[in-house]
Every structure is written in structure tokens, then in C-alpha cells.
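The structure presented is a predicted model; accordingly, all values stated were derived computationally and were not measured.
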Amino acid sequence: MITKPKGTYDLMGLDAKIYTYINHEIENFMANYNYDLIRTPIFEASELYHRSVGETSDIVTKETYDFKDRGDRSMTLRPEGTAGVVRSVIENKLYGNKNDCIKLYYNGTMYRYERPQSGRNREFTQFGVEVFNSADPMIDAEVISIGYNLLNSLGIDNVTVAINSLGDKISRKNYTEALVKYLTPYINELCDDCKKRFNSNPLRILDCKIDKNNDILKNVPKISDYLSKESKERFDKLKMLLTNLDIDYEIDEKIVRGLDYYDENVWEYITTDNGITLGGGGRYNSLVENLGGPNLPAVGFALGIERIILELKNKINISNLQNNIDVYIMSVNEEEKMQSIILAQNLRLNNVITEMNSNNLSLKSQFKIADSLNAKFLVILNSEDLNKGLINVKDNATKEEMKIDESEIVDWILGNI
Ligand code: AMP
């Protein structure tokens, strides 16, 4: 037997129903917020991720799926969505109308070579939002609110938004210097990853999962003491807007995000009962320019769909997602079956959710299946009545049976479901 690759999964059953429900809600949300869908390739030139996500990030150093194509070009399966969207915005000059914000969303699979565990796969799905061409924290607040309100409307109301400001270039430079100075005497007491990060990307030491309870990390200098006046104002404005939008947030100075391109306001969506990170995002005001585009401030986030599915499984009223059909059409002989498929098509084209017997099932089995699908009406075809132009219908709730003229059956069903 050929089995699926490690860290991947087959989406099916209840998970698939929850996935469909989430996507439905995403489409509704994005229509209301007036964001446009963008779909970029699943693989891109490897260089894109080296220059955006960052040479020193865990993703690029340890987790990418890299391969040479048959033309000997270095390609990478996308580990995240932002870099591809930025590449596309630049390549397609979507910034042509410089006055407007460009508001985009994506929804697709990402690939990271991680150690698989619950909520951590090698192929996983992210829904993400990116807005270009505004540096105003009003857009940060709008973007944060999309993720927060979406989670709430899906039924995940135990979420807080942990926010932080990484500041502008100057703030980050000053803070990094202070952090390195503070950590220098202690660095040998920290984990191997921290030792590496000390030289390559000291800010990442702040969100080390191994040393997080170590007093050395608990007492690091506070980034908020190093923010420039402008960065502080942007962070204060964001807090004020989140309060006005009724968004539950808390400040967490340890949030630095794993990707190198972030600056200014950053955040994560975290469940309040079990501390699971469902997603995160932030500003990346220099990335477009670093990738060869114009100076275009930007902000975005990504939510992990698999983690949302896991959360929803504990919360959702599953019976709401079970199959509930309007009509089940029963038939036994060939003539009845012939009529059954025609009637099923007529009903389905009129938005009536319809299922029919397409096997050689006994009537008893068909009744059982109709019940398991919660059919509102049973249409019981029999040759004798069909020859008289009549169709038997049974209301599955009241058990009342009636005969309807064949030419009126669709209208009758539409009037009664
Ligand atoms: P990131 O792009 O690392 O900021 O991740 C954003 C969100 O994507 C996380 O909070 C998770 O919900 C989800 N995510 C990231 N990596 C994985 C993974 N390996 N498996 C499943 N979900 C993931």
C-alpha cells in the first residue's frame, strides 16, 4: 500500500465539512470587507523566500521544501503566503493607482518541513490578508479585526489578540543593541538555538519556546522603552482603535514573529483557555522595496485553517454540519429509476437539495438512508402511479402521504420545503 507522505493528511468526513463551513464564512467576510482574492503559485523561485522570510529564519534555514526543476532552476514550495503576494503585486504593478489601498486575501496550502504533531503539519492551509499602500494604524486595526471577527463568527470566541510593536528601523537597531549587551554575559546559559540567534537574529531569542521561563529572558530590556516617538504613536493609535472596535487584546512584548520581514505593529491570535496560536501577522513596511518594488507600506496576517478546525471540533454543534437534505427520491425498477434521475436534476436546478437511490437497494434500505440524511420529503416513485402522471410524496416529519400531479411536483416541493 502506498501511504501519504509524513506530515500530510487527507481532508475528509467531519473535518471536510468544517473546512467547507470555514471557507464559506471567509468568502462572506471578504465580500463584506471588500477584499479581492489573489492566488499565487504553490512554488516560487527559492530566492524569493531567502530575500523575504529571511536567511536566518527557522523557515528558510530548516524547513523549506527545495528542489531543482528540470531546467536546473532552484524552486521552493511556498512556506507562507506573503512573499508570493508581494512578488505578484510588484510583477503585475498592482500599485498603479497610488491613491488606493490594495486589499487582497489568499487561501491555500503551505509547506514546511517541521516535526509533525497536533496542529503542526508539513502541508497545511493558511487564509491570509494583505493590504498595501497605507501606513495608517487604522488599516492595522481593520486587518486585525478581520481575523478576530472571523474567528468569533465561526464560533471561536475564546481568542485574545496579543500585540506588540517592533518599532521602525532605528527603534529596532537601538533595542537589538541593548538586548545583545544585556544577553552577552548570559548567552552560554541559553539553549543552542538561542546561541545561534544571538549572532544572526537576537530578537528571535525573545520568543524561544525552550527558555521562555528562564529568568534571563524574563528580565530582558523592554522593547517599549526603545520605540521612537513615531512608532510609539502608531502603537498607541492601534490600541485606541482596538478598544473602540471592542477587540479583546493584550500587550505581549515577547511577540516578535518568526519571519524576518516584520516591523512596527505585530500580533498573534491566541486562544485564552489553552494558549494555542491560531495565526499572526504584522506590518512589513520595507518588504516591497526590498524585493525590488516601490516604497509601499503593507500589513497582513495569516490564520492556520487546520488549527481552526481542531478548535471548532470541540465547540461546534456538529448536527448543524450534518447532511440535511430536502428530498430523497425512492425507486425500485428501471422505469422508476429513469424518472428519478430526471426529477432529481429538475429539483437540484431549483436549489432543492436532493438525493436518490442509485443502487439496487430495497425500499426498506432507502427509507433508512432517507432518515439518516434527515430528508424533509420522500418522493416514492412507482410505475403504476407514474403511468397515471402522479407522484407520491411523503412528509417525513408528519408521515402524511399525498399524490401530486407530475407537472406540479417541483413547484409543490418548492412551496413546501
Ligand atoms: P506563521 O506563518 O508561522 O506566522 O503561522 C501562522 C499560522 O499558521 C500559525 O499560527 C498556525 O495556525 C499556522 N501554521 C504555521 N505553521 C503550521 C504548521 N506547520 N502546521 C499547521 N499550521 C501551521
Engineer: Just to verify, what does Asp248 make a side chain to side chain contact (heavy atoms under 4.5 Å, CB included) with, not counting sequence neighbours?
Structural biologist: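 Partners of Asp248 under the side chain to side chain contact (heavy atoms under 4.5 Å, CB included) test: Tyr148, Thr160.
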
Engineer: Tyr284: what forms a ring-ring contact (aromatic ring centres under 6.0 Å, His included) with it, not counting sequence neighbours?
Structural biologist: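 In terms of ring-ring contact (aromatic ring centres under 6.0 Å, His included), with neighbours along the sequence ignored, Tyr284 is linked to Tyr261.
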
Engineer: Cut-off 3.5 Å, no hydrogens considered: what does the side-chain donor-acceptor table look like for residues 406-417, sequence neighbours left out?
Structural biologist:
from   : atom 1 : to     : atom 2 : distance (Å)
Ser407 : OG     : Asp405 : OD1    : 2.8
Asn416 : ND2    : Trp412 : O      : 2.7

Engineer: Between Asp326 (side chain only) and Ile353 (backbone N and O only), is there a donor and an acceptor less than 3.5 Å apart?
Structural biologist: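 Yes, Asp326 side chain to Ile353 backbone: donor-acceptor pair under 3.5 Å.
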
Engineer: For Ser118, enumerate each residue passing the side chain to side chain contact (heavy atoms under 4.5 Å, CB included) test, keeping only those at least two apart in sequence or located in another chain.
Structural biologist: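 So Ser118 forms a side chain to side chain contact (heavy atoms under 4.5 Å, CB included) with Leu310.
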
Engineer: For the backbone of Ala302 and the side chain of Tyr106, can you confirm whether one donor and one acceptor N or O come within less than 3.5 Å of each other?
Structural biologist: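 Side chain of Tyr106 to backbone of Ala302: no pair is present.
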
Engineer: Using 4.0 Å as the upper bound for N to carboxylate O, is an ion pair formed by Glu114 and Lys62?
Structural biologist: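 Answer for the salt bridge query: no.
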
Engineer: Where the side chain of Asp69 meets the backbone of Asp72, is there a donor-acceptor pair that is under 3.5 Å apart?
Structural biologist: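 Judged by distance alone, yes, a pair lies under 3.5 Å.
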
Engineer: Between Glu177 and Val180, is there a donor-acceptor pair closer than 3.5 Å when you use the side chain of the first and the backbone of the second?
Structural biologist: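 Not a single qualifying donor-acceptor pair exists.
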
Engineer: Within the supplied structure, the quantity of interest is the number of heavy atoms (other residues, nucleotides, ligands) at a distance under 6.0 Å from Met240 CE; does it exceed 12?
Structural biologist: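 Result for CE/Met240: enclosed.
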
Engineer: For a side chain to side chain contact (heavy atoms under 4.5 Å, CB included) check, start with the C-alpha distance between Ile163 and Asn265, then their side-chain angles and the critical distance, and finish with the verdict.
Structural biologist: CA-CA 7 Å; Ile163 60 171; Asn265 299 329; over 6 Å; no

Engineer: Ring pair (Phe, Tyr, Trp, His ring centres under 6.0 Å) between Phe29 and Tyr105: does it pass, once the steps are laid out?
Structural biologist: CA-CA 11 Å; Phe29 253 73; Tyr105 75 99; over 10 Å; no

Engineer: Should the heavy atoms of other residues, nucleotides or ligands under 6.0 Å from CG of Leu245 be counted, would the total exceed 12?
Structural biologist: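 Enclosed.
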
Engineer: Which residues pass the side-chain hydrogen bond (donor to acceptor under 3.5 Å, both in side chains) test with Ser358, sequence neighbours left out?
Structural biologist: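 If we apply the side-chain hydrogen bond (donor to acceptor under 3.5 Å, both in side chains) test to Ser358, skipping adjacent residues, there are no hits.
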
Engineer: For the residue pair Tyr111 and Phe43, is the inter-centroid distance of their aromatic rings smaller than 6.0 Å?
Structural biologist: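 Centroid separation for Tyr111 and Phe43: 6.0 Å or greater.
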
Engineer: Which residues satisfy the ring-ring contact (aromatic ring centres under 6.0 Å, His included) test with Tyr9, sequence neighbours excluded?
Structural biologist: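 ring-ring contact (aromatic ring centres under 6.0 Å, His included) list for Tyr9, sorted by chain: empty.
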
Engineer: Just to verify, what does Tyr249 make a ring-ring contact (aromatic ring centres under 6.0 Å, His included) with, not counting sequence neighbours?
Structural biologist: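 For Tyr249, no residue satisfies ring-ring contact (aromatic ring centres under 6.0 Å, His included) once neighbours in sequence are set aside.
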
Engineer: Ignoring hydrogens and angles, tell me if any N or O in the side chain of Lys376 forms a donor-acceptor pair with the backbone of Val327 under 3.5 Å.
Structural biologist: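 No; zero donor-acceptor contacts below 3.5 Å.
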
Engineer: If we count only N and O atoms by modelled type, under 3.5 Å, do the side chains of Asp168 and Ser171 hold a donor and an acceptor together?
Structural biologist: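 There is such a pair (donor and acceptor under 3.5 Å, judged by atom type) between the side chains of Asp168 and Ser171.
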
Engineer: Just checking Tyr65 against Tyr113, ring centres under 6.0 Å apart?
Structural biologist: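 Centroid separation for Tyr65 and Tyr113: below 6.0 Å.
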
Engineer: So which heavy atom on Ile251 is nearest to which on Lys239, and how close?
Structural biologist: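 Looking at all heavy atoms of both residues, the closest pair is CD1-CD, 3.7 Å.
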
Engineer: Quick test of your reading of the model: are Arg87 and Glu44 salt-bridged, counting only N-O distances below 4.0 Å?
Structural biologist: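 So Arg87 pairs with Glu44 through a salt bridge.
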
Engineer: Is a side-chain N or O of Asp395 found less than 3.5 angstrom from the main chain of Lys399, in a donor-acceptor match?
Structural biologist: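 Answer holds: no.
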
Engineer: Apply side chain to side chain contact (heavy atoms under 4.5 Å, CB included) to Phe132 and Val288, showing your working.
Structural biologist: CA-CA 9 Å; Phe132 298 86; Val288 181; 3.9 Å; yes

Engineer: Quick one: side chains of residues 341-348, donor-acceptor pairs under 3.5 Å with protein atoms, not counting sequence neighbours, listed by atom name and distance.
Structural biologist:
from   : atom 1 : to     : atom 2 : distance (Å)
Arg348 : NE     : Thr354 : O      : 3.2
Arg348 : NH2    : Thr354 : O      : 3.0

Engineer: Is the closest side-chain donor-acceptor distance between Asp66 and Thr64 under 3.5 Å?
Structural biologist: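 Their side chains do contain a donor-acceptor pair, which is all the 3.5 Å distance test asks for.
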
Engineer: Between Thr272 (side chain only) and Asn158 (backbone N and O only), is there a donor and an acceptor less than 3.5 Å apart?
Structural biologist: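 Flag set: sc Thr272 to bb Asn158 pair under 3.5 Å.
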
Engineer: Could you tell me whether a side-chain N or O of Ser88 sits under 3.5 Å from a main-chain N or O of Gly84, the two making a donor and an acceptor?
Structural biologist: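 No, Ser88 side chain to Gly84 backbone: no donor-acceptor pair under 3.5 Å.
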
Engineer: Hey, is CG on Asn34 packed in by over 12 heavy atoms from elsewhere, all under 6.0 Å?
Structural biologist: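 Atom CG in Asn34 is not crowded, with 12 or fewer foreign heavy atoms closer than 6.0 Å.
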
Engineer: Looking only at side-chain N and O atoms, does Tyr186 offer a donor or acceptor that is under 3.5 Å from a partner on Asp215?
Structural biologist: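 Their side chains do not contain a donor-acceptor pair, so the 3.5 Å distance test is not met.
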
Engineer: Which residues pass the side chain to side chain contact (heavy atoms under 4.5 Å, CB included) test with Thr3, sequence neighbours left out?
Structural biologist: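 Checked Thr3 against side chain to side chain contact (heavy atoms under 4.5 Å, CB included); matches are Met1.
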
Engineer: Would you call Lys315 and Glu311 a salt bridge, taking side-chain N to carboxylate O under 4.0 Å as the test?
Structural biologist: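 So Lys315 pairs with Glu311 through a salt bridge.
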
Engineer: Quick one: side chain to side chain donor-acceptor pair (under 3.5 Å) pairs with a partner in residues 365-375, sequence neighbours left out?
Structural biologist: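 Sorted result for residues 365-375: Asn324-Asn374, Ser362-Ser365, Asp371-Asn396.
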
Engineer: What are the two closest non-hydrogen atoms of Thr76 and Ser46, and how far apart are they?
Structural biologist: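 Taking Thr76 first and Ser46 second, the nearest heavy atoms are OG1-OG, 2.8 Å.
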
Engineer: Given Arg204 and Asp207, is the side chain to side chain contact (heavy atoms under 4.5 Å, CB included) satisfied, shown in steps?
Structural biologist: CA-CA 6 Å; Arg204 285 294 321 275; Asp207 73 351; 3.3 Å; yes

Engineer: Check for a donor-acceptor pair, side chain of Arg172 on one end and backbone N or O of Gly167 on the other, with a separation under 3.5 Å.
Structural biologist: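 Checking the backbone N and O of Gly167 against the side chain of Arg172, a donor-acceptor pair under 3.5 Å is found.
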
Engineer: Identify, with sequence neighbours excluded, every residue that meets side chain to side chain contact (heavy atoms under 4.5 Å, CB included) alongside Asp246.
Structural biologist: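 Asp246 satisfies side chain to side chain contact (heavy atoms under 4.5 Å, CB included) with no residue once adjacent residues are dropped.
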
Engineer: Do Arg112 and Asp58 meet the salt-bridge criterion of a basic N to acidic O distance under 4.0 Å?
Structural biologist: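 Between Arg112 and Asp58 there is no salt bridge, as every charged N stays at least 4.0 Å from the carboxylate O atoms.
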
Engineer: If we ignore angles and hydrogens, is there a donor and acceptor under 3.5 Å between the side chains of Lys337 and Asn359?
Structural biologist: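 On atom types as modelled, these side chains do not qualify, holding no pair under 3.5 Å.
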
Engineer: Decide, yes or no, whether a salt bridge links Arg257 with Glu268 under the criterion of side-chain N to carboxylate O below 4.0 Å.
Structural biologist: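 Salt bridge flag = yes for Glu268 with Arg257.
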
Engineer: If you compare all heavy atoms of Tyr49 against all heavy atoms of Pro79, which two are closest, and at what distance to 0.1 Å?
Structural biologist: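 In terms of heavy atoms, the two residues are closest at CE2-CD, 3.5 Å.
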
Engineer: Answer with yes or no whether the side chains of Glu264 and Ser231 bring together a donor and an acceptor at under 3.5 Å.
Structural biologist: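 Side chains of Ser231 and Glu264: pair found under 3.5 Å.
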
Engineer: List the steps, then state whether side chain to side chain contact (heavy atoms under 4.5 Å, CB included) holds for Gln126 with Asn107.
Structural biologist: CA-CA 6 Å; Gln126 284 185 338; Asn107 190 355; over 6 Å; no

Engineer: Can you confirm whether Lys169 is buried at NZ, in the sense that more than 12 heavy atoms of other residues, nucleotides or ligands lie under 6.0 Å from that atom?
Structural biologist: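 Atom NZ in Lys169 is not crowded, with 12 or fewer foreign heavy atoms closer than 6.0 Å.
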
Engineer: Between Ser74 and Glu47, is a side chain to side chain donor-acceptor pair (under 3.5 Å) present by the stated rule, with each step listed?
Structural biologist: CA-CA 8 Å; Ser74 292; Glu47 185 194 355; over 6 Å; no

Engineer: Evaluate the salt bridge (charged side-chain N to carboxylate O under 4.0 Å, His left out) criterion for residues Lys229 and Glu233: first the C-alpha distance (whole Å), next the side-chain angles of each, then the deciding distance (0.1 Å), finally the verdict.
Structural biologist: CA-CA 6 Å; Lys229 184 167 161 281; Glu233 278 169 9; 3.4 Å; yes

Engineer: What pairs with Tyr175 under ring-ring contact (aromatic ring centres under 6.0 Å, His included), at least two apart in sequence or on another chain?
Structural biologist: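 For Tyr175 the ring-ring contact (aromatic ring centres under 6.0 Å, His included) partners, ignoring immediate neighbours, are Tyr226.
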
Engineer: Among Val143, Asp140, Ile146, which residue meets the side-chain contact (heavy atoms from CB on, under 4.5 Å) test with Val131?
Structural biologist: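 For Val131, the side-chain contact (heavy atoms from CB on, under 4.5 Å) check succeeds only for Val143.
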
Engineer: Glu253 and Asn164: which non-hydrogen atoms are nearest, and at how many Å?
Structural biologist: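 Taking Glu253 first and Asn164 second, the nearest heavy atoms are O-ND2, 3.2 Å.
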
Engineer: Between Asn201 (side chain) and Ser57 (backbone), is there a donor-acceptor pair under 3.5 Å?
Structural biologist: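 Such a contact is absent between Asn201 side chain and Ser57 backbone.
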
